[in-house]
Protein chains: 2
Amino acid sequence: MSSQRRRKGSGRVTLADIAAKVGVSKITVSRAIRTPDKVSESLRLKIQRCIDEQGYIPNRAAGALASSHSQTIALLVPSFSNTVFTEVVKGVDEVMLSEGYQVLIGHSGYSTLEEERLIETFLQYAVDGVILSGSQHTERARRMLTQANIPVVEMMELADNPLGVSVGFDQVQAGKAVTEYLIGKGHKTIGFAGARMDHRAQQRLRGWREAMWQAGLSDDLLITSQAPSSYAMGANLLAEFVQRWPDLDALFLCNDDLAAGALFECQRRNIRVPHDLAVIGFNDLPIAASTAPSLTTVATPRYEVGVRSAKELLRMLNEEEVSESRIDLGFEVKARESA
Amino acid sequence: MSSQRRRKGSGRVTLADIAAKVGVSKITVSRAIRTPDKVSESLRLKIQRCIDEQGYIPNRAAGALASSHSQTIALLVPSFSNTVFTEVVKGVDEVMLSEGYQVLIGHSGYSTLEEERLIETFLQYAVDGVILSGSQHTERARRMLTQANIPVVEMMELADNPLGVSVGFDQVQAGKAVTEYLIGKGHKTIGFAGARMDHRAQQRLRGWREAMWQAGLSDDLLITSQAPSSYAMGANLLAEFVQRWPDLDALFLCNDDLAAGALFECQRRNIRVPHDLAVIGFNDLPIAASTAPSLTTVATPRYEVGVRSAKELLRMLNEEEVSESRIDLGFEVKARESA
DNA sequence: CTGAAAGCGCTAACAT
DNA sequence: ATGTTAGCGCTTTCAG
């Protein structure tokens, strides 16, 4: 109703509204919220009551703009449907939340270009830090992150040349260890089956190769696909393996989804696991312990990777000294019934 | 180097920097980015080149503050580890992204209080709209959303009294339909097993009850737990059922994770499915089609719920007329081998 | 412990 | 097609 040529505003209750109602200045209300001990108790209570009454919700965009801190970080994972990352997310979220940060989650669909787009978007939100999955990023993504001058953590695999800190475990060694486990059990004709061969899966494949070479065994029994990983794909891969190599006696599938799918297909074909064929997976997802027979696999520290990544990011955000740039959280071969 | 008492700023390249470099006003740069056709081509190209050179990234906080539109919506799901919601997220994300919105995802861990906290947080980010899971929310959450005066969609179940639009399917009818399927197959001693009995699971339970009553059958064979759903929990529930009710001839588990776990436990105990016991799940997750025997279940339109929820939200954001407030996307009993 | 003034980086509104 | 001015809602800086 006042002047012409007035901006509309959001129509919501603002800090100024509260200040006016209580009869103090805006900054006092701001202090009552953010640093309550710097405001006298009586005033603080009066302000708090007014805030509750009015249903005031601070506008973070304004806060971020004024302070150039958003108290927000970005977490980029390849996929939500890949259960591996749900625990990583949980770990990151718990730690960051407890320190007053909000986590913005994005999924790149295993595409570095989509990852680049997400990084750009989240930088527009003025995130204070970024946690990325893996070490493969586009040049432009690296440039944007460098120029933004904010802390970056890369997780899950150990980066050779980290943008900041790298938290994970050695995927090559894990692939090698599990293959050596099979070799130790007396298996010789050991296949590798992979789908959605992202960089980490490729590293596991390399581990399998190295183990086979060192044992003087053939690394010919190999089928990989770029298609997404799934139970159905595990079944298909099993079918193809037994058709092409009837003498196969152990199969390493690059994740538990594939391994479970292969196991189900074995049941359908009356291939007895592990008697006729040893089956081994990767990640130790919940399903691995539950199938009949249960799946031998590699337990990976997913939750811990999330927690540690968050803690390292916090350390950088607080400008504390960073201990190391590569943090290896290890892995464990989990012997069960299938191999 | 200029005056004393100067604010620091973020140190990043700003719109003003680009404008100064190109020798135009800020608003022209802004237009070149947002409404390119309102700027002459030559100027547009010059500006674009400068933006690329300088690696300029717009500050959305500033934009949102100035325009009171964040081009951002919040999507709240109970859990990431529940695969049911990964497809919902995908559906929402695809639609919103294509319309230039960013989706902020939060998970409440099946807690309405945590949901309330998330709503508060996301309102601070000045989201333009909110998509919630389910129809159960705290009073304060409802108040905040109402006061924020932004469009709200509730999804997965059909709300009796929706905050805005409700998109989903009838969980009671789905539970009833699957039970009637079992009854139609001649089963009489039909149990219901549930875990993490959220509102939707309770509705399915109600459906089971109604079907049993109408058929004159007993609804005594019931075990539920508040603990999270898992394969292991499915196995436990199966074990408890066969111990307490040895004459059980069909078991409806309130989701596929439980059903798969129960199936595995049957294999371990040499209970033949479906010969000795019919097993039926809910949701038609990928695993249902892959187990041996495959799982009979209820296919739920998860992806479609996401897509439609997003579209309804967009309709409200664009202040178009909203057709209906309850949108029923249906379900389908998926007959497979286990029942 | 409280406040006044200035400004964060951008866009809406009104020019030309 | 381009510019000027004001202001979004908050926090920083400096004063008292």
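In what follows, every chain begins at residue 1, and chains take the letters A, B, ... in the order their sequences are listed.
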Between B:L15 and B:I18, is any pair of side-chain heavy atoms under 4.5 Å apart?
-> no
Please check the phosphate of C:dC8 (OP1 and OP2 only) for any side-chain N or O of A:S68 closer than 4.0 Å.
-> no
Return the value, rounded to whole Å, for the distance between atom CG of A:N59 and atom C1' of C:dC10.
-> 13 Å
Does the side chain of A:S40 get closer than 4.0 angstrom to OP1 or OP2 of C:dT2 through an N or O atom?
-> yes
Roughly, in whole Å, what's the span from CG in A:L15 to C1' in D:dT12?
-> 14 Å
What about B:R31, does its side chain sit under 3.5 Å from the base of D:dG3 through a donor-acceptor pair?
-> yes
Minimum heavy-atom distance between B:F85 and B:R200, given as atom pair plus value | CZ-NH2, 4.0 Å
Interatomic distance, B:D17 CG vs C:dC10 P [rounded to whole Å] | 8 Å
Between A:T28 and C:dT2, is there a side-chain N or O to OP1/OP2 distance below 4.0 Å?
-> no
Atom NE2 of A:H69 and atom P of C:dC8 are separated, to the nearest Å, by 15 Å
Let me know the distance between CD1 of A:I51 and C1' of D:dC10, rounded to the nearest Å.
-> 13 Å
Spacing between A:K38 atom NZ and C:dG3 atom P, to the nearest angstrom = 15 Å
How would you label the contact of A:R34 with the nucleic acid (heavy atoms, under 4.0 Å): base, sugar-phosphate, or nothing?
-> sugar-phosphate
Under 3.5 Å: donor-acceptor pair, side chain of A:S108, backbone of A:E115 = no
Looking across every strand, which nucleic acid part, if any, lies under 4.0 Å from B:S25 by heavy atom: base, sugar-phosphate, or nothing?
-> base
Per B:I27 side chain, nearest of listed nucleotides D:dC8, C:dT2, D:dT4 = D:dT4
By nearest-nucleotide position on DNA chain D, the 5'-leaning member of B:V24 and A:V13 is B:V24
So, the side chain of B:Q147 versus the backbone of A:Q54: is there a donor-acceptor pair under 3.5 Å, distance only?
-> yes
Distance check: side-chain N/O of A:Y125 vs OP1/OP2 of C:dG9, anything under 4.0 Å?
-> no
Candidate nucleotides D:dC10, C:dT11, D:dG3, ranked by approach to the side chain of A:A62 - the nearest | D:dC10
Specify the residue among A:D37 and A:K26 whose closest nucleotide of DNA chain C lies further upstream toward the 5′ end.
-> A:D37
Rounded to whole angstrom units, what separation is found between the CG atom of B:L65 and the P atom of C:dC10?
-> 12 Å
Of all heavy-atom pairs between A:A310 and A:M96, which one has the smallest distance, and what is that distance?
-> CB-SD, 3.7 Å
Measure the distance from CG on A:L123 to P on C:dC10 and round it to the nearest whole Å.
-> 14 Å
